[in-house]
Structure formats: structure tokens, C-alpha cells
Amino acid sequence: MKTVGEVGERALIAMFTQAARSSAGDSTDVVIGSGDDAAVFTAPGPVVVSTDTAVSGRHFRFDWSSPRQIGSRAVVQSAADIGAMGGVLTGVVVSIGCPPATPVDRVLEINAGIVAQTHRYGARVLGGDLVSSSEVILTVTSLGVLQAGPAVTLAGALAGDVLAVSGPLGGPAGGLAALAAVDHGADPVLLQQYSSLVAQYRLPQPDLAQGRIAAEGGAHAMTDISDGLVEELITMAQASTVRLDVDANKVPHAKDLDRLGGALGVEPHRWALAGGEEHELLASFAPGTVPDGWTVVGVATEGEPGAFIDGRPVGNIRGWQSFTST
């Protein structure tokens, strides 16, 4: 099996370029795509940009996820920030760092995942870079456009708003817990019994079009749930200078999450409230304007800015975990 060092940067970049061009479809927005010194595209509105980096051993493991899943997941993580602003993804620029001894097939599969996920969002891989590094590092820069008016920021929540989430929470955290349990000696059949949760960890599938829908519906504030609902509530409360109260029993759980909690002896609310990496959306709306399919989980009120679960304050993830242990 050939390695990255043996094949060489130029040959690999040529392979990446071919993959980016194939099955991309026609795009009137992209004037010059992958393969030139830089990409050129026209935008029908304000441009939204976000960057995310994932590092092997810290953000993903090759014994837990396939290279293709890892590449796709990196796109989801970055593209979710575009959706959270109410934007629509147009394209991504990708940087891949890897040791020279990395098998070429592994890198090509990572790239295939990146391309496939980008195309699922109706966007294009516009280009990128390949560098030598001590471990595999993926950096995805997403570019999108605002089609539904101004960007929806973290700072717009108003007293009297209701808080809602775009989908069930806790799935990726539950899947991660199952993988970790098997890693520490649990019966591997656990991964089969809770395969849907493991799949959500390996590749979250949020409907990022809900960001545009929420923006069109008049969302006042919005963010994607990457660091856990509790952390996102804290960040939004501080940015909007309001108090945000959530009823834990109203937070929708991913399918089989409660059953896995029973199997592992873990309160499933922990995963739903503090797990993160679902990349579902959290937004505040005027009452009566929440889009179909969203779940109302709380309210924004006047008072000292902060996040509250079941009426009790939480200052950070650690504080919330301490609170739930009482």
C-alpha cells in the first residue's frame, strides 16, 4: 500500500481536484473552482465564513470511525455554523495535514467524505491544501450566503421569547459513550444494539436547512449545538443579556438514548444537555412563530443574564454536572 510520501503532494492534489469536479453538478455561483491558484465565485448576498479544525486523537479516532465518515463529519461541523447564521452553504475550502507515512487510500477516503458531504448540501469543494504534519489534521472553511435577510446572531434573544431546538439531542454523546464503554471492556454487542446512536456520533445528520427556515421565520438569535446545549445557552444568554430557562423534560432525546442510559447506568439528560456535537440548532423566537418540526424547550426572561435548567443556574458544563449529581 502506497503512502502519501511515496505518491507525492502534486499527484494527490490532482486526485483531490478530480474528485471535487466529479458529480459536483453545475453551479452558476462558482466561476473558477478547484484546480487553480484560488477559487472565484459570485454571491447573491452577504457572505458568511466559518472555519473548524479536527485533530486525530482529540476529535476523532480511526478505530472508531472510517476515513470517509471523518471527512464528512468535518464538513458538517463547519457547515453547521453557516446554517446557524441563517445562511446557505455555497462551498468549502479544505486543508489536510498528515504524516508522510499515512496510507494514500486513507487520505483519499477522507477527501471522498469531504466531497460527498459538501455535495449533499448542494455546495462545492472550492480548493484547499495538503501539508505534512505529525498527525492527521483536517481544517474545513465553509462559505455561505444569506438569502433570508440579515444574519441571525447570538445576541438577539429578547425577554418574552421562547427557546426551541431543531431536532433531538444526545445522540452523538450516547454513541461516544457506547464506543468508550466497549473500549473499556463492555460487550461489543452494545455497538450493534445502539447502532443508530453510534452512527450519529460518527456522522451527525442535522438538517442545516432549518437555519434558513428559522431566519425566514424571524428567529431573533440562533446557534448550532456543538459544545452541548448548556454551553450554548450560557453563550447566548451572555451575548443577549437575558436569562434563559430550559425545562430538561422538554428537551427531545435521540431515539434509544434513554434505553442506553439504563444499560450504562447514566442519566440520559446528561447526554442531551451537555453532550454536544449534534449540530442541531438552538434559536429564540417570538411566541407563535416557531417553525414546524422544532421543539420548544424554554423561555427568555428579564433578569441577570445566565442559563438555568429546571430553575437552577448553571455556570458551565462542570457546574451543570455537579448540579445533576445532587
Side-chain angles (χ1 to χ4, degrees), residues 50-84 89 92 110 113-114 117 120-121 136-140 142 154 165-183 191 194-208 210-211 222-236 246 251-257 260-261 264 266-283 295 297 307 314 316-318 320-321:
S50 181
T51 296
D52 271 273
T53 296
V55 181
S56 176
R58 179 174 180 181
H59 301 104
F60 60 86
R61 285 174 46 170
F62 285 106
D63 58 334
W64 282 359
S65 304
S66 71
R68 188 177 287 251
Q69 289 168 335
I70 290 166
S72 293
R73 192 170 187 258
V75 173
V76 173
Q77 291 171 332
S78 181
D81 290 328
I82 304 299
L89 188 69
V92 301
I110 290 172
I114 291 169
Q117 190 65 43
R120 287 187 198 107
Y121 288 143
V136 176
I137 303 173
L138 308 178
T139 298
V140 177
S142 291
L154 280 161
V165 294
S166 62
L169 305 183
L176 175 60
L179 286 163
V182 171
D183 221 30
L191 303 185
Y194 300 98
S195 58
S196 65
L197 297 176
V198 174
Q200 289 178 56
Y201 164 74
R202 288 171 171 160
L203 181 54
Q205 295 284 3
D207 179 5
L208 299 185
Q210 292 300 321
M222 186 158 54
T223 187
D224 77 300
I225 303 172
S226 56
D227 297 322
L229 180 61
V230 168
E231 282 291 343
E232 309 303 350
L233 287 167
I234 293 168
T235 302
M236 184 179 287
V246 164
V251 175
H253 289 192
K255 181 182 177 182
D256 292 331
L257 191 70
L260 176 63
L264 296 182
V266 176
E267 168 52 57
H269 277 328
R270 287 183 178 272
W271 294 324
L273 295 178
E277 297 192 351
E278 297 96 346
H279 301 290
E280 296 288 351
L281 302 174
L282 164 69
T295 302
V297 297
V314 289
N316 50 43
I317 290 292
R318 181 176 298 176
W320 180 81
Q321 290 174 336

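Every value quoted in this text rests on a predicted model; they were computed, and no experiment measured them.
Looking at heavy atoms from C-beta onward, Ser50 lies in side-chain contact with Ile82 at the 4.5 angstrom threshold. Two residues are said to be in side-chain contact when any heavy atoms from C-beta on lie closer than 4.5 Å; Leu233 and Val314 fail this criterion. Side-chain contact between Asp183 and Arg61: present, with at least one pair of heavy atoms (C-beta onward) separated by less than 4.5 Å. Val182 has its side chain out of reach of Trp64: every pair of non-hydrogen atoms, C-beta onward, lies at least 4.5 Å apart. Counting heavy atoms from C-beta outward, Leu197 and Trp271 have side chains that stay 4.5 Å or more apart.
Minimum heavy-atom separation, Leu257 to Leu169: CD2-O, 3.7 Å. Shown here for Val297 and Pro252, the closest heavy-atom pair between the two residues is CG1-CD, 4.0 Å. In terms of heavy-atom proximity, Gly174 sits nearest to Leu260 at O-CD2, 3.2 Å. Val251 and His253 make their closest contact through O-CD2, 3.2 Å (heavy atoms, listed as atom of the first residue, atom of the second, distance). Heavy atoms only, all atoms of each residue included: Phe60 and Ile70 are closest at CD1-CD1, 3.5 Å. Summarising the geometry of Ala74 relative to Leu138, their closest heavy-atom pair is CB-CD1, 4.1 Å, with the distance given to 0.1 Å.
For Thr235, there are no side-chain hydrogen bond (donor to acceptor under 3.5 Å, both in side chains) partners, not counting sequence neighbours. Residues forming a side-chain hydrogen bond (donor to acceptor under 3.5 Å, both in side chains) with Gln200 (at least two apart in sequence, or on another chain): none. Partners of Ala79 by side-chain contact (heavy atoms from CB on, under 4.5 Å), not counting sequence neighbours, listed by chain and number: Leu89, Tyr121, Ser142, Leu208. Judged as a side-chain hydrogen bond (donor to acceptor under 3.5 Å, both in side chains), and not counting sequence neighbours, the contacts of Thr51 are Thr141. Scored by the side-chain hydrogen bond (donor to acceptor under 3.5 Å, both in side chains) test, Thr139 finds Thr53 as partners (sequence neighbours excluded).
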Run the numbers on Ser226 and Glu232 for side chain to side chain contact (heavy atoms under 4.5 Å, CB included), then give the verdict.
-> CA-CA 8 Å; Ser226 56; Glu232 309 303 350; 3.4 Å; yes
Stepwise, does the side chain to side chain contact (heavy atoms under 4.5 Å, CB included) test hold for Val75 with Arg120?
-> CA-CA 10 Å; Val75 173; Arg120 287 187 198 107; over 6 Å; no
Distance-only donor-acceptor pairs under 3.5 Å for side chains of residues 275-282, two or more places apart:
unit_1	atom_1	unit_2	atom_2	d
Glu277	OE1	Arg73	NH2	2.3
Glu278	OE2	Gly170	N	2.6
His279	ND1	Asp224	OD2	2.9
Glu280	OE1	Ser166	OG	2.8
Glu280	OE1	Gly167	N	3.4

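Rounded to the nearest 0.5 angstrom, Arg68 CZ and Gln117 CD are separated by 11.5 Å. Distance check: Leu203 CG to Ser72 OG gives 5.5 Å after rounding to the nearest 0.5 Å.
Formation of a donor-acceptor pair under 3.5 Å by the Glu231 side chain with backbone atoms of Gly228 is not found in this model. Under a 3.5 Å cut-off, the side chain of Ser78 and the backbone N or O of Val140 do form a donor-acceptor pair.
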